[in-house]
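What you are looking at is a predicted structure, and each value in this text was computed from that prediction instead of being measured. Each chain gets a letter, A, B and so on, in the order the sequences are listed, and its residues count up from 1.
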2 protein chains.
Amino acid sequence: MSELSERKKLILSAVVEQYIKSGEPVGSKELIALTGMSVSSATVRNEMSELSSMGYLEQPHTSAGRIPSQKGYRYYVDNLMKDREIDELNRRMIEAGISSAAGDPERLIAQAGEVLAELTKCACVSTAPGGDTVIIRKIELVPVGIHSAMLVLLTSNGILKSRLCRLDCELTAKILEEFYNIVDSCIIGKPASDISVVSMQTAAASVDSDPFAMLPLMAAVCELARSMEDSRIILGGSSNLFSHKDYGVGAIELFEFLNKREPLSAVISGIKEPLDIIIGKENLYRQLENSSVIVAKYSVGGRDSGSIGLIGPTRMDYESIIPSVKYLTDIVGKMITQAIEE
Amino acid sequence: MSELSERKKLILSAVVEQYIKSGEPVGSKELIALTGMSVSSATVRNEMSELSSMGYLEQPHTSAGRIPSQKGYRYYVDNLMKDREIDELNRRMIEAGISSAAGDPERLIAQAGEVLAELTKCACVSTAPGGDTVIIRKIELVPVGIHSAMLVLLTSNGILKSRLCRLDCELTAKILEEFYNIVDSCIIGKPASDISVVSMQTAAASVDSDPFAMLPLMAAVCELARSMEDSRIILGGSSNLFSHKDYGVGAIELFEFLNKREPLSAVISGIKEPLDIIIGKENLYRQLENSSVIVAKYSVGGRDSGSIGLIGPTRMDYESIIPSVKYLTDIVGKMITQAIEE
DNA sequence: AATTAGCACTCTTGCTTTTTGAGTGCTAAA
DNA sequence: TTTAGCACTCAAAAAGCAAGAGTGCTAATT
């Protein structure tokens, strides 16, 4: 695939980088000034013309300069881009931004997303740690009055959810005991996704005392288990998209698409590589056709656990963004590993 | 102030309502068709001309119809608007939308905001219940491993926060006991806003055993108490603003303003009436100069506890929105009262 | 005194036309 | 293979034009 002449590579690379910087199509003269090549503009024009027919560049219209095509970006990302270290400044910003949330995995991921989004002016989509299966690790029910109690649920990946729940009848020691019986036998150690309303209802029904007393509690457990799943996708900094004039009014549609959450799951999760770049129409969703997605996985305790993805205009600064994403996933993985170890 | 002739009132009212509906300036002919008045367009023009010089109407340009000025809206809202009951449909939507979150005040408010925003196509800003002082009601620390525990904090207004925290040393029974001692003596019953890092540190230092063991726990308590305050402002449906062509690209600026959260606090809280309407430039913030805000308080157990506010274009449908806001604050207040009673 | 018909005037909106300028593609020479 | 030169294209900005909506004013009418 790399059958481009050195000069073509130089030109393609310069076009991509300049276009990323300025947002304007790049012309032959400008290109000479930029690269310092000692050939005439006509020569460059010939090269550009070839790059166009090969599909790496395209023209918005006849009398404009060239911009990279999707294939052009792809070639750039795969072959031309330098593999930089992260900026000192960005590193500091990341570290400062996430340190306060170190102890709590869910908040850490959320915070990390915000920081990365801020730094890159992109939207950040991430998944809370989880791997394939999230297991219920601990459930606690603390009475706070005659009729109500707080319910707390902790999973294997260190995510904690709590809510208040209210009973119709009195919360007796007996009910509490039976609740813990059910929890110990049917819930602890099970995957959160297995907790269904039906299974909880049957469990509630099997109880000695008034089964109706148990019902609201079981319903609350269900709800927390479900919210566990739902809240795995975390979106941050999506309003950054409005600052890119590339999108124009399309930013609104994209914004709304991102806020739907569900489709994002597919976008983020369907990757194999540790770091994946999806450019423009390579994306499955029409709504992302003018965007690129950079996703990286992070691993907790040596196993893939979640991923962090950035979404921004195709014309994004890949070269400086990628190192930040790499660094962030790296450090987040380490921090979570540390946070949930016994 | 009500020194307008009946005919002027009719005309002003019709202009406001029609402009709210169509978004186009209203002309003299249209006005006749609309109201069924039996006078000529010239007469109406004279009246409109007077209303203009009195400051109730204005013209986008010479050869356009009239639109209400801020003063015009104000007069309409104060004197002309009918005091409707809530639509049956809206009522149903609200009830259906919030019933699932009935038990948990914080979620209830969030959900109520979403529903109201959806219904009115405005952004909704609300404050979680709290009144003047939020008191720490219960704190629970549940060990989940040798080095970590989950911390749960409940306040008088029924808001529950939890997070995982991690100790550097082992979490012994002694530490746990000492923790509860501190909690019982220095934290329970105190306002959340009084919990400061300093006060916690001194508390931690007064302990028999290793004070450094206590530090991360106290820090976590602080953080939860602070997040209590911070999360009191809840924003919902802010992306609805993009659907109003009134704002144009200004929607983005407004959106970002709302997302800053802090200033909203002032907007929402600084009201005296049970229901307040702030129109256009009456708002303190420049960013809201093209918006109107409708805020209503809700009360829990007979005392003002929080408020729910809607933000939308000045040209919003006051007549139908106001009943919805009233109804919502009413029902939300009742539900929370029920949820937190013993 | 209030209303109305009539008319001139204004100003937006939408459309077409012109101009300008950047940048290309091609040809022919080096 | 490279380059100078030139005609050509096309978008974007500027300018011009016609139509239409709506007003304000004046003078006549009730």
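Between R7(A) and dT2(D) there is a side-chain N or O to OP1 or OP2 distance below 4.0 Å. Regarding contacts with the backbone of dG22(D), every side-chain N or O of S63(B) stays at 4.0 angstrom or more from both OP1 and OP2.
Salt-bridge annotation for D83(B) and K326(B): present, with a side-chain N of the basic residue lying under 4.0 Å from a carboxylate O of the acidic one. A salt bridge links R92(A) with E88(A): at least one charged nitrogen is closer than 4.0 Å to a carboxylate oxygen. A salt bridge does not link D276(B) to K272(B): none of the charged side-chain nitrogens sits closer than 4.0 Å to a carboxylate oxygen.
Near DNA chain D, meaning a heavy atom under 4.0 Å away, the residues from residues 27-43 of chain B are G27(B), S28(B).
Rounded to whole Å, atom C1' of dG22(D) lies 17 Å from atom CD of E58(B). The distance from atom CZ of R45(B) to atom P of dT4(C) is 11 Å, rounded to the nearest whole Å. Rounding to whole angstrom units, CD of residue Q59(B) and P of dC9(C) are separated by 18 Å. When rounded to the nearest whole Å, the span between CD of E24(B) and C1' of dT12(C) equals 12 Å. Separating the CZ atom of R66(A) from the P atom of dG25(C) is a distance of 4 Å, rounded to the nearest angstrom. Atom-to-atom, CG of N46(B) to P of dG22(D) comes out at 17 Å; the value is rounded to the nearest Å. Between the CD atom of E47(A) and the C1' atom of dT24(C) there is a distance of 16 Å, rounded to whole Å. For the pair K8(A) NZ and dT1(D) P, the computed distance is 10 Å after rounding to whole Å.
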Distances for protein N or O near nucleotides 12-17 of chain D N or O, under 3.5 Å:
none

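Ring geometry for Y56(B) versus Y75(B): interplanar angle over 60°, hence perpendicular rather than tilted (30 to 60°).
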- Evaluation steps, side chain to side chain contact (heavy atoms under 4.5 Å, CB included), between V39(A) and R7(A): CA-CA 11 Å; V39(A) 290; R7(A) 195 163 65 190; 3.9 Å; yes

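Side-chain contact annotation: S52(A) with R66(A), donor-acceptor N/O pair under 3.5 Å present. Side-chain polar atoms of Y327(B) and E85(B) form no donor-acceptor pair below 3.5 angstrom. Under 3.5 Å, the side chains of E253(B) and Y247(B) contain no donor-acceptor pair of N or O atoms.
Between S41(A) and I32(A), some side-chain heavy-atom pair lies under the 4.5 Å cut-off.
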